[in-house]
Structures are given as structure tokens and as C-alpha cells.
Amino acid sequence: MAKTQIPTLKADVRGEKGSSASRRIRNKGSLPAVLYGHKEESIALTVDHREVETMLKHGTLLVELDIDGKAEQALIKAIQHDHAGDGMLHVDFERVSMDELVTVTVALDFHGTPAGATHGGIVEYQLTEITVECLPMDIPEVIRVDIAHLEIGDSIHARDVVPPEGVKVARDPEDMVVAVAAPRGVEEEAEEEAEKAGITEPEVIGAKKEQEEKAEE
Amino acid sequence: MGLMPKRVKHRKEQRRSVKGRATRGNTVAFGEYGLQALQPGWINSRQIEAGRVASTHFLAGEGKVWIRIFPHKPVTSTAAETRMGKGKGEVEYWVAVVKPGTVLYEIGGVPEDAAKEAFLRTAHKLPVRVRFIRRRHGL
């Protein structure tokens, strides 16, 4: 469902930049961030880590940044994660105006158990999120996709996804979203091709040439 | 021989140490769930295959399993009861060099519980500590 009110996020202008300064900010429970877009100057910011986390949990992408008393509407554009840990490292905000179309990725919410799955079919999810184009106020939290009617061999493509009013799916309509495939059973993978061919070591690039040259000599 | 490259530039390599964290291949890119290494190490082709078999058998044909690592590095050893010297030994096996953060396997198209159970079986076949991770949606 689209939001009726934009959540406010308190942000402070960040004076010190660089990795050491960012580390100090993270240790205090804050998160380094940046605001850019609309051909205006980018501003280095500090936001509260927990607040951003809560917003993302609720699927919020559009926020009103309160930068030292000045309000700026922005879209959460990118997040850097600590891949070896769990936390976030940095957030990118992009300035938006309420009357311009934006392109965002929205999660797909699959409803129901496919009829084919109860008969042994395998549900194959090809897309779990989809790119949409809409006005900032119309960004949906999730897009619901009903899959209960799918039999074995049936599939849903991007063109079949019904977005809420004012939202347009910005993907190739032929892209597969979800399909129910026939059961494969436990299949033992065939022995390695190389083994079949009796190859036990790889070909060394340039080795043949050298051998031929030696033979010629 | 299990997984190994088809063509190589050099038959043998020096060992080298595994330093730092993974800066590539550290996110779930194909499936919904992943198994991420928490330690540096070498995973040989037999271990990679054993891990794959363990999870595929548990899933019994459901979903899909992706292997995200490949054993590019040859490991040599000198034959038993051989005197020292006489050059570097022959290639015995192939390993994938793994840094903390590398996603080793991925699973898609199955519920989270099943993926967790499957990866638990895979984890027992691996020489490094691992953890279960989910795909990060949206951003």
C-alpha cells in the first residue's frame, strides 16, 4: 500500500569524512550517509542506525530528512552492507520531488500454495523483487502476486504482475517471475565429463606450441 | 578427479597465504539463501562435491543448488618415501581459495527451514566455519 505520510528522519551534517571518522560514527550507533541529486551539491550526513533499520524493515523508501531544521525529501537509493557481518555501513539518499517519476525495486509477496505443488510440482521463484516506475508517494511496500491457481507447467511472467494504481512495472514483460515445474525426482548427476573422457589434468596454455617447436628443432 | 579447470596457464602454483576478507562473491546472487564462509581456507574439489551432494540429496529434487566457488588452484605433493629434492611434486588435487565472507553455495525455490537443514548437512563436509545467510532484498 502506498504511504499517506512521509516518515521523518533526523540527520546531521557530517563534518569529518574518511574511513576512520566513519568508523567512529558507527561505533557511536550512528550511520554515515550522503544526500545528492537534482544537480545540487552533495551533503555528507549522519543518521541514526536504528531508525534507518526500522524504516527498511517496514519497506520505507521515501523519507523526509530533517537536516539541522531544513526539510529535504529523499529516496533511500543505496545501502552498503558489511557482508561479513550483519550491519549497514553507509546509506545513500537521493533528492526527489513529489511530481517526478522514480524507478525503485519492490519486493514481491507471493500468496497461496500453488495447486501444482500439492501434486508434487516444484515452485521455482525466478524473481523475488521487481523494478517499478511511479511517483514517490505511490511506492508500494510490496506487490502481491497470487500463485494459488498455478498448476504444473504454469508460470507467471512480469506482464501478469498487477501493480497497484499509479505504478508501472519497468521490466521486460516476458521475464519469468514464478513457475511450477514437473517433479524431477532425486537425480544423481552424471559423472564429470572430463572423467568420462579420461582427462585427469587440464591442458596447459602454450604447452603444445613449445613441444612442437622443440620437436622441429 | 572432480571439478578442475579445463585449461590453465601454469601446471603448478605456489601456495601463497589467504589474506583479507572477500570483496567479491560475498552476496547471495542466484538463490534465496546462501552458505557464507567465516574463515579463510582452501576447499578442495572433493569437499565441494560432497557439500553439493549432501544438500541436493536432502532436498530430494526440490529447488535448486548453486555452487559459487570453483577449484582453480592446483596443490602438489611429493610422493611418499621419496627423498627431498628432485623438483616440485605432482599435482594431487585442486582447491578453491576462500576468504571470510565468500558465499560458497546458494539454494533457491525451497522454504527457509529446508534450506537451513540442507546447508547444515553441507557445512559438515567443509573445512571452514560457515553461516546461513538470506538474500538482501531491494537495496
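Proteins come first, then strands; the chains are lettered A, B, ... in the order of their sequence lines, and each starts at number 1.
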- Query: Can you tell if the side chain of Lys9(B) reaches within under 4.5 Å of the side chain of Val204(A), non-hydrogen atoms only?
  - Reply: no
- Considering only heavy atoms from C-beta outward, does the side chain of His81(A) approach that of Arg136(B) to under 4.5 Å?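 Touching, per the 4.5 Å side-chain cut-off.
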I'd like to know whether [atom1] of [X] has more than 12 heavy-atom contacts from other residues, nucleotides or ligands below 6.0 angstrom.
| X | atom1 | value |
| --- | --- | --- |
| Lys168(A) | NZ | no |
| Arg131(B) | CZ | yes |
| His119(A) | NE2 | no |
| Glu100(A) | CD | yes |
| Arg46(B) | CZ | no |
| Lys12(B) | NZ | yes |
| His10(B) | NE2 | no |

- Item | Per-residue contact mode, Val123(A) against chain B (heavy atom under 4.5 angstrom) | backbone
- Query: So which part of Asp92(A) gets closer than 4.5 Å to some heavy atom of chain B, the side chain, the backbone, both or neither?
  - Reply: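 No part of it gets close to chain B.
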About how many Å separate [atom2] of [Y] and [atom1] of [X], when rounded to the nearest 0.5 Å?
| X | Y | atom1 | atom2 | value |
| --- | --- | --- | --- | --- |
| Glu129(A) | Arg135(B) | CD | CZ | 6.0 Å |
| Gln126(A) | Phe30(B) | CD | CZ | 12.5 Å |
| Asp82(A) | Arg21(B) | CG | CZ | 5.0 Å |
| Gln36(B) | His83(A) | CD | NE2 | 9.0 Å |

- Shortest non-hydrogen contact from Pro5(B) toward Pro202(A):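 Reported closest heavy-atom pair: O-CB, 3.1 Å.
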- Name all residues meeting the ring-ring contact (aromatic ring centres under 6.0 Å, His included) criterion together with Phe58(B); count only those two or more places apart in sequence or in a different chain, and write none if there are none. none
- Item | Which atoms of Arg7(B) approach chain A - backbone, side chain, both or neither, heavy atom under 4.5 Å |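 Both backbone and side chain.
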- Which members of residues 109-126 of chain B, sorted by number, sit under 4.5 angstrom from chain A on a heavy-atom basis? Gly109(B)
- Message: Please determine whether side-chain contact (heavy atoms from CB on, under 4.5 Å) holds for the pair Glu32(B) and Thr128(A), giving the CA-CA distance in whole Å, both sets of side-chain angles, and the decisive distance to 0.1 Å.
- Response: CA-CA 9 Å; Glu32(B) 272 298 289; Thr128(A) 51; 3.1 Å; yes
